[in-house]
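Take a look at the structure below.
Computed over heavy atoms, backbone and side chain alike; hydrogens, waters and symmetry mates excluded. Every chain is numbered from 1 and lettered A, B, ... according to where its sequence line falls, protein lines coming before strand lines.
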Number of protein chains: 2
Amino acid sequence: MASDHTRSAILAAAERLYADRGFGDVTLRDIVADANVNLAAVNYHFGSKDELIAELFVTRSIATNRERLRELKAAEEQGGGRAPIEVILHALVGPTLRGCLGPENQRSTAARFMIRASIESVPPIRRIKNREIDHLRKFVSAMRRSLPDRSDVEIYWGLNFALAMAHHTIRESERLTKLSEGKCDLDDVEDVIARVVSVATMALTAGKAETRPPARALARDTR
Amino acid sequence: MASDHTRSAILAAAERLYADRGFGDVTLRDIVADANVNLAAVNYHFGSKDELIAELFVTRSIATNRERLRELKAAEEQGGGRAPIEVILHALVGPTLRGCLGPENQRSTAARFMIRASIESVPPIRRIKNREIDHLRKFVSAMRRSLPDRSDVEIYWGLNFALAMAHHTIRESERLTKLSEGKCDLDDVEDVIARVVSVATMALTAGKAETRPPARALARDTR
DNA sequence: GATAGTTTCATACAACTGTTTGAATTGCAA
DNA sequence: TTGCAATTCAAACAGTTGTATGAAACTATC
């Protein structure tokens with residue numbers, strides 16, 4: 001076991017620096033300086049720079065995925081194996097958005113790191129993201145059960161658009177704030193989630209006779 | 001004037017290499033080797049590597065933006081200064097999607113380059129994208145005219161979601177194809193555009209009394 | 001307190017990067 | 001042809017990068 005101290009000091013420093021300045025601008029020397037450890041410590045504890053980045057991303061990633069599946073499982077159990085589509089979508093995009101957005105002043109290092117990872121997409125992170133497909137298939141299955149009369153193509157497109165809105169909103173949150181001159185409040189995470197879920201639900205249920213009134217209205221804003 | 005030959009050989013080689021292997025893996029030496037010119041030629045003709053990348057991206061970018069505005073202007077003129085929201089959204093996402101998607105075997109270098117630029121987001125490109133806000137404001141204005149009873153917040157969110165679906169579909173086209181096992185046909189660009197426009201339109205008109213029947217149905221698939 | 005295993009450290013390595021330089025070459029006008 | 005500018009070229013530059021090394025320091029066990 002030994003004194004994990006150096007190891008976690010590196011992880012903390014790396015996460016902070018990557019979050020603040022991005023992957024392109026931060027070298028191993030920056031990290032070890034910030035962590036007050038020796039240069040060789042990174043390769044000793046992690047093997048390589050890429051493995052350090054991978055570990056950072058995987059840690060946060062599996063936390064998000066676990067939360068996603070937890071919400072999904074809870075919803076399906078409550079619904080007797082078939083959850084409403086809104087709740088499934090909520091389980092899909094909720095944890096991601098909650099993990100990245102929120103009041104900027106109190107935004108965690110982890111959150112800012114994940115935003116960076118979403119924007120810059122460096123090789124070790126891309127590799128991990130590519131393994132996410134199996135995870136998504138679980139949501140495809142749940143969506144199929146929820147909407148048995150929708151075709152697979154529509155399910156896939158609905159999933160794609162849901163993830164699109166969530167990730168793009170995270171990635172371009174700064175630009176959206178600037179474009180809207182602050183009118184779009186990205187600190188109200190639950191509102192953002194509700195908006196994404198609402199639109200994705202419409203995408204998946206449009207044209208159906210059994211279009212129940214949307215659980216949450218899209219409009220919840222002022223003026 | 002002189003013999004533009006070297007200059008355009010560099011541009012062509014750079015675009016091709018970046019498209020194939022991404023920005024991270026291509027060095028100036030790779031480019032000049034591929035273009036059969038001297039290493040110093042890049043700095044002589046473009047000033048720096050970043051300016052070369054910027055020129056590549058700007059060229060394609062203004063082409064897309066011009067096409068967007070052309071479509072928008074045509075639509076508004078035909079509607080007497082007020083275009084239907086579907087047509088505005090079509091003008092917004094159509095050129096981008098058409099410029100990046102399409103039959104893979106005959107996909108142009110330019111298209112593949114723009115996909116890369118959408119995925120990797122290197123500094124010189126990010127700088128240019130940040131200047132895109134003024135361009136987007138023109139669409140905000142058109143959308144306001146088209147939907148005078150919608151609040152600004154909803155307009156901004158609708159625009160955000162429309163761009164989200166378009167860009168994410170481009171960026172993750174490979175993954176969507178794999179996830180859907182080919183069932184989502186990303187080569188049928190006009191179908192993709194119709195889907196994005198349809199969902200974005202729903203997002204912007206949901207809850208309105210005057211919800212006219214959607215111009216294009218979302219469903220157009222088999223099985 | 002000697003020993004074995006782990007961890008830290010300073011330092012060097014090797015390779016690669018974009019950029020610059022100054023001389024050679026070319027193209028064109030007078 | 002001469003002269004001048006634009007262009008090309010080989011070579012070197014200056015800096016950075018992640019990684020490897022081997023000795024030193026530490027830690028815990030017996």
Side-chain angles (χ1 to χ4, degrees), chain A residues 1-58 113 116-117 120-128, chain B residues 1-58 113 116-117 120-128:
Chain A
M1 191 113 313
S3 85
D4 256 355
H5 170 269
T6 303
R7 201 187 143 83
S8 47
I10 292 173
L11 283 171
E15 188 170 55
R16 178 154 22 92
L17 289 177
Y18 284 142
D20 286 346
R21 292 157 39 191
F23 296 99
D25 280 355
V26 176
T27 72
L28 283 189
R29 285 169 174 81
D30 293 331
I31 294 171
V32 298
D34 195 275
N36 273 310
V37 302
N38 188 272
L39 174 60
V42 173
N43 290 275
Y44 179 78
H45 285 281
F46 299 92
S48 70
K49 184 194 190 185
D50 278 10
E51 289 175 81
L52 166 61
I53 295 179
E55 176 160 336
L56 279 170
F57 184 71
V58 164
F113 173 84
R116 279 286 177 195
E120 288 196 26
S121 178
V122 75
I125 291 184
R126 256 201 303 275
R127 274 191 287 272
I128 295 163
Chain B
M1 190 117 313
S3 85
D4 256 355
H5 170 268
T6 303
R7 200 185 145 83
S8 46
I10 293 174
L11 284 171
E15 189 170 55
R16 177 154 22 93
L17 289 177
Y18 284 141
D20 286 345
R21 292 157 40 190
F23 296 100
D25 280 354
V26 176
T27 71
L28 283 189
R29 285 172 173 81
D30 294 331
I31 294 171
V32 298
D34 195 275
N36 273 310
V37 302
N38 187 270
L39 174 59
V42 173
N43 290 277
Y44 178 80
H45 285 281
F46 298 92
S48 71
K49 184 195 191 184
D50 278 11
E51 289 175 81
L52 166 60
I53 295 178
E55 176 158 336
L56 279 170
F57 184 71
V58 164
F113 174 84
R116 280 286 177 195
E120 290 197 26
S121 180
V122 77
I125 291 184
R126 257 202 301 278
R127 274 191 287 272
I128 295 164

Between the protein and nucleotides 24-29 of chain D, list every N/O to N/O distance that falls short of 3.5 Å.
none

Show me the protein contacts with nucleotides 15-19 of chain C, counting only N or O atoms at under 3.5 Å.
unit_1  : atom_1 : unit_2   : atom_2 : d
dG18(C) : OP1    : Lys49(B) : NZ     : 2.5
dG18(C) : OP2    : Leu28(B) : N      : 3.1
dG18(C) : N7     : Arg29(B) : NH1    : 2.9
dG18(C) : O6     : Arg29(B) : NH2    : 2.9
dT19(C) : OP2    : Asn43(B) : OD1    : 3.2
dT19(C) : OP2    : Lys49(B) : N      : 2.9
dT19(C) : O5'    : Asn43(B) : OD1    : 3.4

Checking Ile125(B) against Phe23(B) for the side chain to side chain contact (heavy atoms under 4.5 Å, CB included) test, could you report, in this order, the C-alpha distance in whole Å, the side-chain angles of both residues, the deciding distance, and whether it holds? CA-CA 11 Å; Ile125(B) 291 184; Phe23(B) 296 100; 3.6 Å; yes
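Side-chain atoms of Leu28(A) and Asn43(A), non-hydrogen and from C-beta on, do get closer than 4.5 Å to each other. Looking at heavy atoms from C-beta onward, Arg7(A) lies in side-chain contact with Glu55(A) at the 4.5 angstrom threshold. A heavy-atom distance below 4.5 Å is not found between the side chains of Tyr18(B) and Arg116(B).
Look at His45(B) and you won't find any side-chain N or O under 4.0 angstrom from OP1 or OP2 of dA6(D). Remark: His5(B) is not in phosphate contact with dT7(D), judged by side-chain N or O atoms under 4.0 Å from OP1 or OP2. Under 4.0 angstrom from either OP1 or OP2 of dT8(C) there lies at least one side-chain N or O belonging to Thr6(A).
A pairwise comparison of heavy atoms in Ala9(B) and Ala35(B) identifies O-CB, 3.5 Å as the closest pair. Considering all non-hydrogen atoms of both residues, Ala41(B) and Thr6(B) come closest at CB-CG2, 4.0 Å.
The CG atom of Asn38(A) sits 13 Å away from the C1' atom of dA12(C) (whole-angstrom rounding). The OH-C1' distance, from Tyr44(A) to dC9(C), rounds to 13 Å in whole Å. Atom-to-atom, CZ of Phe46(A) to P of dT19(D) comes out at 13 Å; the value is rounded to the nearest Å. Remark: C1' of dT8(C) and CG of Asn36(A) are 13 Å apart, rounded to the nearest angstrom. If you measure from atom CG of Asp4(B) to atom C1' of dT7(D), you get 12 Å, rounded to the nearest angstrom.
Scored by the side chain to side chain contact (heavy atoms under 4.5 Å, CB included) test, Arg29(A) finds Thr27(A), Leu39(A) as partners (sequence neighbours excluded).
If you run side chain to side chain contact (heavy atoms under 4.5 Å, CB included) between Ile31(B) and each of Val37(B), Leu17(B), Leu11(B), only Leu17(B) comes through. Just one of Asp34(A), Val26(A), Val32(A) meets the side chain to side chain contact (heavy atoms under 4.5 Å, CB included) condition when paired with Asp30(A); it is Val26(A).
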